[in-house]
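One structure is given below, encoded as structure tokens.
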There are 2 protein chains.
Amino acid sequence: MPKISARGLRMPESPIRKLVPFAENAKKRGTEVIHLNIGQPDIKTPEIALKAIRNFEPNIVAYSHSAGAQSYREGLAKYYQKVGIAVDHTNILVTTGGSEAILIALNSIMDEGDEIIIPEPFYANYNGFLTSAGITVKPITSVIESGFALPSISEFEKLISPSTKAILICNPGNPTGYLYTQEELNSLKEIVLKHDLFLIADEVYREFIYDGEKHISILEMEELDQNTILIDSVSKRYSMCGARVGCIVSKNRELIDTGLKFAQARLSPPTLGQVACEAALNTPDTYFTEVVEEYMNRRNVLIEGLNKIDGIICPKPTGAFYCIAQLPVDDTDKFAQWLLEEFSWNNKTVMVAPAQGFYSTPDLGKQQIRIAYVLNTADLKNAIRVIDEALKIYPGKQA
Amino acid sequence: MPKISARGLRMPESPIRKLVPFAENAKKRGTEVIHLNIGQPDIKTPEIALKAIRNFEPNIVAYSHSAGAQSYREGLAKYYQKVGIAVDHTNILVTTGGSEAILIALNSIMDEGDEIIIPEPFYANYNGFLTSAGITVKPITSVIESGFALPSISEFEKLISPSTKAILICNPGNPTGYLYTQEELNSLKEIVLKHDLFLIADEVYREFIYDGEKHISILEMEELDQNTILIDSVSKRYSMCGARVGCIVSKNRELIDTGLKFAQARLSPPTLGQVACEAALNTPDTYFTEVVEEYMNRRNVLIEGLNKIDGIICPKPTGAFYCIAQLPVDDTDKFAQWLLEEFSWNNKTVMVAPAQGFYSTPDLGKQQIRIAYVLNTADLKNAIRVIDEALKIYPGKQA
């Protein structure tokens, strides 16, 4: 029998995959499982995008240009100009979701054995793209005590080797919800210019910023045109995860030209998704105002509720719709499984994502969980109560 | 300025990319360019699929399962059973087009430096996936004189090394239109069993078989369950190239489980495309009867017309909608450019794909072109006349 590849064997599993059968069993027993683990928002897709799908007129679902439909790229360029990013359609490569944007960007600038520095905890799926591309992660640990702020320049410099090609950030962050400050971005600028690195920023949560804070894109920064690669996606912006449309934006022409060669090999990003996206560019501002207000309410309910529980530490995020909470337990892998297998309160339990999968350094995050606050506040309140009650009796509780 | 990766530099350009500006210039001069170079069919998408898009009801365009919507996979399994392939939905991984199916299959079974044997000429975009995955192609040349039949077992065995992991075929073939016989498939079976290799077959043109011939899938073959990986796509079957929906089908559980890890990293194949595909499964048989008849007419017009021209050799393909023609010219790269830059007949010219890009062995295919017969017969007749007239005056004509 022929063998699977070494890279196939190395590919990581999703951090929550092993919990799925336990959740299914809990549901079979009649227990309601409140999902705090997922990133699929319950927010509606803008009506204008749904209408565009329902009004699809062509009688052939044809390929688009490999870089994406030009009309969509032109519309996207206007969107970026509006948020302060001075690009035109030739700086944009439309991709199959943010996922493919990351994969093409990594393949365009890194070879097998090259190293990338990523502040951890980071989005677990980066590991999949990095593994399949043969790239080594050098994690730099940000800590819950400082709310996951960027580590200092000197910590970065300790990790830089001749194989280092890039730094990857997610801003605002999944799973931390952390929003980088101008000062932190300036530090990154200093490092990448000094060491001639690419700076990749995953900014897919750009619209979800709270408390009047302002998001700063790496493409707004001066002197960084050749170094910066923006990763974007409509999945969360318009609650259109299934459209599978994202993009790479860069002022570095060589990067865009190289990325296009990878894009040509796979011919075209999804045409139907692009139709929805092009229409979604005209989503009224009120949509975002309402969505941001809704998420901010959810965040407030969640963070206040969690921090009231004895022994839980949960910094208040200013962006995205995730937070990391530290729990007074032995191991959140065990706790998450116990919640599904052994516990219920009022016939409810919760499914959480143990945070170890978001760390690259072994054994970090063992007391942490990631929560996606993509549920209504009533569900969130129930979830908090479940966690509170669970911690009262969990056998692996720690002081 | 940070550097592009070595793999980015190695990524091949599309064989026709450098012709595009010449085609644009010809159009600017007012010359009609008949495109024989493209694989985008002019056939309409089945009405039932278009209706499903227009009737899209959910108010969130959400992720599907990473392996594809279960209802779609179940429907697909029935489709495969109908064409003689005994699989269920757990043998299927829905992908973003046939492109991603190939990429995931290659990554699941091959590591950087591994070797794959592919009969040439082959679909040029395979080179992109192989380059990005760091895999080495060992081409085995099939020749126009035998109509691109499979080379003998002994030729294959000359290429097998300890690094050989797989043989990849396209059946029926792009760019040759060649349909493998039972005998040829039996030869492949013998080789892969003897040397413990995977056999990957790209069967995306399964429905396009002419002259009463029958397509045989590698998944129909006995004793090969652990060795065979089927690559499929709806792009050509339902003329839905832009849906970006394909799949991997295999009875090898380890392969499907490994592929799923790559699929989970990118979360979900396109949801809207899958909605169209699930509906398209109920396309009436008359749709295919009509489409196959149309392509067979086009093929007949094209092949007869070309073979009437002095010095052209063009074997009659029995599948897909491509053919390779050998022309009495010095170099089809030059000829293709000359057609666009210098020539017109009756204010028309043609754009063809020089065949060198479909060969991996240097200098092969220099006198060949690939033609996609995805145009109506009137256009094809004009294209044949253009080529005939052009060859009368082309400066690089050879006997």
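All values reported here derive from a predicted model rather than from experimental measurement.
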key: Residue part contacting chain A, namely of B:Q274, when any heavy atom lies under 4.5 Å   = neither

message = Using 0.5 Å steps for rounding, measure from the CG atom of B:D111 to the CZ atom of A:R10.
response = 6.5 Å

ask   = Under a 4.5 Å heavy-atom cut-off, does chain A meet the side chain of B:L260, its backbone, both or neither?
value = side chain

query = Which region of A:K44, side chain (C-beta onward) or backbone (N, CA, C, O), has a non-hydrogen atom less than 4.5 Å from a non-hydrogen atom of chain B, or is it both or neither?
reply = both

inquiry  = With rounding to the nearest 0.5 angstrom, report the CD1 to OH distance, A:I38 to B:Y63.
reply    = 10.5 Å

inquiry  = Less than 4.5 Å to any heavy atom of chain B: does that hold for the side chain of A:P46, its backbone, both, or neither?
reply    = neither

Heavy-atom pair count under 4.5 Å with chain B, highest-scoring of A:H195, A:R17, A:E13, A:E100 = A:R17

inquiry  = With a 4.5 Å cut-off on side-chain heavy atoms, are B:P2 and A:D196 touching?
reply    = yes

ask   = Relative to chain B, which segment of A:E47 carries a heavy atom at a distance below 4.5 Å: side chain, backbone, both, or neither?
value = neither

query = Relative to chain B, which segment of A:N107 carries a heavy atom at a distance below 4.5 Å: side chain, backbone, both, or neither?
reply = both

note = Pair count under 4.5 Å, heavy atoms only, with chain A: among B:E112, B:K165, B:R7, highest is B:R7

ask   = Is it the backbone or the side chain of A:A133 that comes under 4.5 Å from a heavy atom of chain B, or both, or neither?
value = both

message = Between B:I43 and A:I60, is there a side-chain heavy-atom distance shorter than 4.5 Å?
response = no

query = Relative to chain B, which of A:I102, A:I53, A:L103, A:L106 shows the most heavy atom pairs under 4.5 Å?
reply = A:I53

task = Let me know if A:R54 has heavy atoms under 4.5 Å from chain B in its side chain, its backbone, both or neither.
result = both

task = For residues B:R244 and A:R244, determine if any side-chain heavy atom of one lies less than 4.5 Å from a side-chain heavy atom of the other.
result = no

task = Any chance you could measure A:M1, atom CE, to B:N227, atom CG, to the nearest 0.5 Å?
result = 9.0 Å

note = Among B:S108, B:P41, B:A124, the residue with the most heavy-atom pairs under 4.5 Å to chain A is B:S108

query = Heavy-atom distance under 4.5 Å to chain A: side chain of B:S5, backbone, both or neither?
reply = both

ask   = Is it the side chain or the backbone of B:N55 that comes within 4.5 Å of chain A heavy atoms, both, or neither?
value = neither

message = I need the residue from B:S66, B:P270, B:G273, B:S14 with the largest number of non-hydrogen atom pairs under 4.5 Å to chain A.
response = B:P270

task = Flag the one option from B:T271, B:T131, B:N125 with the top tally of heavy-atom pairs under 4.5 Å to chain A.
result = B:N125

request  = Sort A:S132 into side chain, backbone, both or neither according to what part of it lies under 4.5 angstrom from a heavy atom of chain B.
outcome  = both

Chain B contacts, top residue of A:A166, A:P269, A:G8 (heavy-atom pairs, under 4.5 Å) = A:G8

ask   = Which bit of A:D225 comes within less than 4.5 Å of chain B, counting heavy atoms only: side chain, backbone, both or neither?
value = neither

task = Check B:V61 against A:L50 and note the closest heavy-atom contact, atom names and distance.
result = CG2-CD2, 4.1 Å

query = In terms of heavy-atom proximity below 4.5 Å to chain B, should A:L272 be classed as side chain, backbone, both, or neither?
reply = both

message = Please identify, among B:G259, B:C241, B:S268, B:A276, the residue contributing the most non-hydrogen atom pairs under 4.5 Å to chain A.
response = B:C241

task = Please flag which part of A:T258 lies under 4.5 Å from any non-hydrogen atom of chain B: side chain, backbone, both or neither.
result = side chain

request  = Pick whichever of B:G134, B:S64, B:G128, B:S239 has the most heavy-atom pairs under 4.5 Å with chain A.
outcome  = B:S239

